[in-house]
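Note that the structure is predicted; figures quoted are calculated from it, not measured. Naming: A, B, ... by sequence-line order, numbering from 1 per chain. Excluded from the calculations below are hydrogen atoms, water molecules and symmetry mates; all remaining heavy atoms, backbone and side chain alike, are included.
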Amino acid sequence: MAKFMGLAEAIAQNVRDGDTVAMEGFTHLIPFAAGHEIIRQGRKHLTLIRMTPDLIYDQMIGMGCADKLVFSWGGNPGVGSTHRMRDAVENGWPNALALEEHSHAAMANAYEAGAANLPFAVLRGYLGVDLPKVNPKIKSVTCPYTGEVLATVPAHRPDVGIIHAQRADREGNVLIEGITGCQKEVVLASKRTIVTVEEIVDKLNPPSFNSVVLPHWTVGAISHVVGGAHPSYAQGYYKRDNSFYIAWDKISRDRDTFLAWMKDNVLDKTPEAFAAHAKKGSV
Amino acid sequence: MAKFMGLAEAIAQNVRDGDTVAMEGFTHLIPFAAGHEIIRQGRKHLTLIRMTPDLIYDQMIGMGCADKLVFSWGGNPGVGSTHRMRDAVENGWPNALALEEHSHAAMANAYEAGAANLPFAVLRGYLGVDLPKVNPKIKSVTCPYTGEVLATVPAHRPDVGIIHAQRADREGNVLIEGITGCQKEVVLASKRTIVTVEEIVDKLNPPSFNSVVLPHWTVGAISHVVGGAHPSYAQGYYKRDNSFYIAWDKISRDRDTFLAWMKDNVLDKTPEAFAAHAKKGSV
Amino acid sequence: MDFTRNEMMTIVAARALKNDDVCFVGIGAPSAACNLARLTHAPQITLIYESGTIGTRPNVLPLSIGDGELCETALTTVSVPEMFRYWLQGGRITVGFLGGAQIDKFANINTTVVGDYAKPKVRLPGGGGAPEIATNCGEIFITMAMGKRAFLDKLPFITSMGHGPTGAERRSMGVKSQGPTRLITDMCVFEPDAETKEMTIVSIHPGVTREEIAENCGWTPRYAATCSETPAPTAQELEVLRDIQARTKAAHAA
Amino acid sequence: MDFTRNEMMTIVAARALKNDDVCFVGIGAPSAACNLARLTHAPQITLIYESGTIGTRPNVLPLSIGDGELCETALTTVSVPEMFRYWLQGGRITVGFLGGAQIDKFANINTTVVGDYAKPKVRLPGGGGAPEIATNCGEIFITMAMGKRAFLDKLPFITSMGHGPTGAERRSMGVKSQGPTRLITDMCVFEPDAETKEMTIVSIHPGVTREEIAENCGWTPRYAATCSETPAPTAQELEVLRDIQARTKAAHAA
């Protein structure tokens with residue numbers, strides 16, 4: 001049942017050391033403000049699930065929040081490497097990071113199965129590739145009608161699912177528009193959920209009957225965080241800060257530069273700092 | 001690739017004796033005009049797939065188009081029996097009708113699996129019920145992770161999928177709004193498709209980024225049939241003719257009354273006759 | 001105030017619903033009961049119809065589960081595969097409503113066939129959503145008018161599972177939902193016995209006798225030790241119910 | 001008109017696309033090639049990005065596969081699970097574009113790891129959509145710049161299947177799609193041999209020598225009997241490509 005609260009309170013109540021956490025948003029609506037709050041609260045030993053770790057998990061991994069990463073594509077989109085993730089995997093800094101690696105199709109299906117309350121998902125995938133050799137979670141079933149062997153993945157059922165959305169009404173119903181990624185699935189698949197929103201409105205006014213709306217009784221904490229997806233974006237509110245994604249390559253290459261940036265821009269800040277980004281890069 | 005043509009031509013080109021045909025629309029947007037055209041063209045030995053046979057299949061079954069029905073709920077919603085279907089099942093009139101009976105959940109999943117190009121679907125269903133004893137298509141798989149046994153159904157892959165939609169643009173992109181049922185899945189799961197539409201427009205103008213739009217390269221024939229869903233309805237165009245659904249109970253109870261009604265309202269008519277219904281029951 | 005037994009049944013069903021319930025509504029008596037609850041003591045109740053409409057607030061009762069009114073007044077409308085996968089199977093529904101043609105003492109229901117499946121005496125509509133509603137909702141409320149042809153000692157066909165043929169099957173199959181917790185009839189209310197799961201009469205509607213119930217039940221019904229009289233409909237309940245039914249009748253005849 | 005080898009590569013890739021193709025676009029060179037095709041000879045081509053955007057017509061090239069521009073100019077945007085289930089696995093895509101860090105002579109690709117998986121020398125981004133793009137699209141076009149560290153005789157890891165380790169694996173696994181039909185590099189174009197499926201050079205870009213190709217390829221490349229010179233970029237091709245790249249650079253630096 002939706003409950004409005006500040007982001008610090010939402011994270012404190014819902015994210016515990018050792019939790020399995022999925023923070024989704026496919027390029028769009030990535031919940032950066034929530035990630036920063038998790039870093040500030042010093043959460044440790046998390047298992048982080050995300051199709052594309054992106055900068056949000058690069059930052060959390062670099063700050064030592066995670067023991068394990070479940071993912072399908074770990075780079076800085078269009079730019080290059082996620083250096084903090086690489087440093088953890090290649091050199092164990094700041095700590096070793098276990099990987100559970102899938103394909104996008106498998107990750108999307110695993111969320112879908114979680115939302116559908118199935119223990120596993122079936123896909124035509126992983127043919128002729130090496131990933132099943134290094135990921136024992138990839139198994140198979142035989143079609144009871146055709147005899148075809150198909151790949152399977154276990155459903156994702158995170159302890160906590162965290163998303164950013166355009167807006168919520170005062171009852172706590174949440175609207176997502178544009179590239180909706182796996183967000184509906186993450187919310188429905190998770191035990192606890194946090195939604196940060198750009199705006200809280202009197203009436204949700206979904207643009208169509210079939211808009212992506214999460215009813216208030218499917219979400220947990222809702223926090224109003226203007227600009228909370230920066231440097232990702234919120235369709236209709238502000239654009240993706242592509243120049244920051246490019247700049248991150250340099251910031252994150254070096255451990256000290258990274259730590260200095262995190263201190264100035266995360267540790268010494270509050271969620272309110274995100275509002276400035278929403279203004280700067282507005283549509 | 002979408003091709004505009006008259007409904008008579010669309011049916012003649014796409015629906016052949018013996019085909020497996022799925023005509024979907026969950027209460028809303030049921031493609032009645034297409035069903036009537038199939039009756040007029042005298043198609044025989046069809047396997048008809050539909051979650052709720054509704055009046056459209058009651059009429060086709062009563063006119064001898066079908067050898068087999070794949071379905072999950074065969075009644076006149078809120079009214080009572082579909083008498084022509086019952087007459088075929090109970091008395092073999094006008095011919096015997098084989099049944100392949102599922103639950104709604106299984107039918108919806110079977111369409112979903114068809115659209116997803118999977119040979120079967122997995123569901124938590126059919127627990128403690130007798131349907132699996134009379135439908136050998138219901139089987140099971142064992143979850144490779146938890147050992148749980150789950151029900152399976154084969155995917156629906158109809159020869160022809162037929163739907164009614166609100167509108168198409170001149171390129172043949174199709175928009176569906178409101179209760180969208182399984183229509184997207186039917187179109188994507190079928191080898192050939194026919195879409196009847198209320199309106200053909202210059203610009204589709206979907207109301208939101210995430211509207212249900214079928215790109216022109218996923219649909220086959222498109223026919224402009226105003227009122228083509230009557231006595232079902234088209235959200236934004238005309239309402240469900242609930243009084244006709246109530247009246248059908250009496251019309252369809254008796255074979256002769258039924259045949260007389262079919263002659264007057266189907267055999268002696270053309271698709272253009274549906275336009276009158278759109279005006280009469282407008283929103 | 002006078003009332004019919006059908007009105008009593010609908011009103012008792014409505015009373016069982018709570019403000020925070022998420023209710024999977026079937027057509028007919030369940031739809032009337034759910035909307036009566038929404039228009040009286042449970043204004044925040046979430047009503048879901050299997051057509052995909054979530055959080056709908058119809059002004060007239062729909063004739064089908066997919067009338068346009070349901071979509072127009074809904075919070076959102078999802079596809080039917082999503083409805084059955086994410087919402088019903090997803091475990092999001094607290095109360096599922098079922099009716100049926102025939103029921104047994106463990107609240108198993110038949111809506112499929114009378115006689116042999118392959119050569120039926122009466123072909124009924126079939127299960128629709130019921131088989132999965134019965135196991136995937138938190139609990140199940142059933143509304144059915146009593147009668148010897150409806151309340152049977154043994155069903156010819158189980159369309160949806162209540163507590164199973166012997167009352168033990170839910171547990172043995174590992175089904176975690178509660179199953180039928182209330183069977184609300186036009187004469188009385190049944191609840192499952194905590195041990196045996198046999199549906200047991202816990203209250204009798206005003207003016208109904210035990211003899212009448214016995215005449216309309218295909219098995220010898222058990223009564224709870226605490227069996228009481230069902231409180232009669234209040235004037236407000238009757239008024240709101242009749243009002244929506246009048247609006248509905250006018251709308252569908254149009 | 002002067003042109004770079006990267007421009008040549010992008011332009012050759014664009015030429016391979018047809019008006020009625022439905023193309024699953026990756027970021028970088030594929031995105032430039034697909035949009036160049038759309039802005040020149042294939043205005044009706046359907047571009048799909050794995051973020052869920054279908055029929056998109058961006059004015060600048062996206063930096064990521066999910067930039068807002070893609071959604072704003074798309075016919076429709078679907079969820080990511082739907083994209084991978086109905087559209088990619090559904091068999092709706094005629095051409096899938098892949099790139100990669102390393103490739104072998106059967107067009108198998110590695111984008112996962114250099115060195116041992118458990119103790120990697122270089123941890124690459126991983127497969128993303130590639131494993132299923134490789135088998136579920138009608139055919140695959142690959143764009144990659146040549147070099148000894150990229151064109152390897154043996155890959156440390158197969159992220160996405162080309163024609164398999166021996167060229168026979170698609171057939172033996174019953175995969176019905178064609179796999180890589182073109183490998184477009186900055187020096188030449190490869191196509192699979194009809195028999196062996198080894199990627200074979202069918203045209204060499206203007207100004208490139210066979211020696212140069214040999215120096216930048218980790219195996220001894222085979223040449224088709226009919227190997228020809230790739231037609232140089234036209235002025236229009238170069239102009240449109242440079243124009244969109246200039247717009248893109250300005251937009252992303254903002």
- Task: Sort T46(D) into side chain, backbone, both or neither according to what part of it lies under 4.5 angstrom from a heavy atom of chain B.
- Result: side chain

- Task: Taking all non-hydrogen atoms of both residues into account, name the closest pair between V187(B) and R92(D) and its distance.
- Result: O-NH2, 3.9 Å

- For the side chain of N210(B) and the backbone of T77(D), is there at least one donor-acceptor N/O pair under 3.5 Å apart? yes

- Contacting region of N173(B) [heavy-atom separation from chain D under 4.5 Å]: side chain

- Message: What's the separation between atom CZ in R85(D) and atom CD in E185(B), rounded to the nearest 0.5 Å?
- Response: 10.0 Å

- Task: First locate atom CG of D20(D), then atom NE2 of H216(B), and finally report the distance between them rounded to the nearest 0.5 Å.
- Result: 9.5 Å

- Heavy-atom proximity to chain D below 4.5 Å, by part of T218(B): both

- For A116(B), does its backbone N or O pair with a side-chain atom of Q89(D) as donor and acceptor, under 3.5 Å? yes

- Message: For the interface with chain D, which of L118(B), L214(B), L188(B), L175(B) has the highest count of heavy-atom pairs at distances below 4.5 Å?
- Response: L188(B)

- Tightest non-hydrogen contact, residues L204(B) and L75(D), listed as CD2-CD1, 4.5 Å

- Query: Tell me, side chain or backbone of E112(B) under 4.5 Å from chain D's heavy atoms, or both, or neither?
  - Reply: both

- In this structure, CH2 of W217(B) is separated from CG of D21(D) (nearest 0.5 Å) by 11.0 Å

- Query: Does a sphere of radius 6.0 Å around CZ in R247(D) hold more than 12 heavy atoms from other residues, nucleotides or ligands, not counting ones at 6.0 Å or beyond?
  - Reply: yes

- Query: Side chain, backbone, both or neither: which part of I54(D) has an atom under 4.5 Å from a heavy atom of chain B?
  - Reply: side chain

- Between CD of Q44(D) and CE of M1(B), what distance do you get to the nearest 0.5 Å? 9.5 Å

- Contact origin within P206(B) toward chain D - heavy atom pairs under 4.5 Å: side chain

- Task: Answer yes or no: does atom NZ of K191(B) have more than 12 heavy-atom neighbours from other residues, nucleotides or ligands under 6.0 Å?
- Result: yes

- Quick one: of G52(D), C71(D), G55(D), who has the most non-hydrogen atom pairs under 4.5 Å with chain B? C71(D)

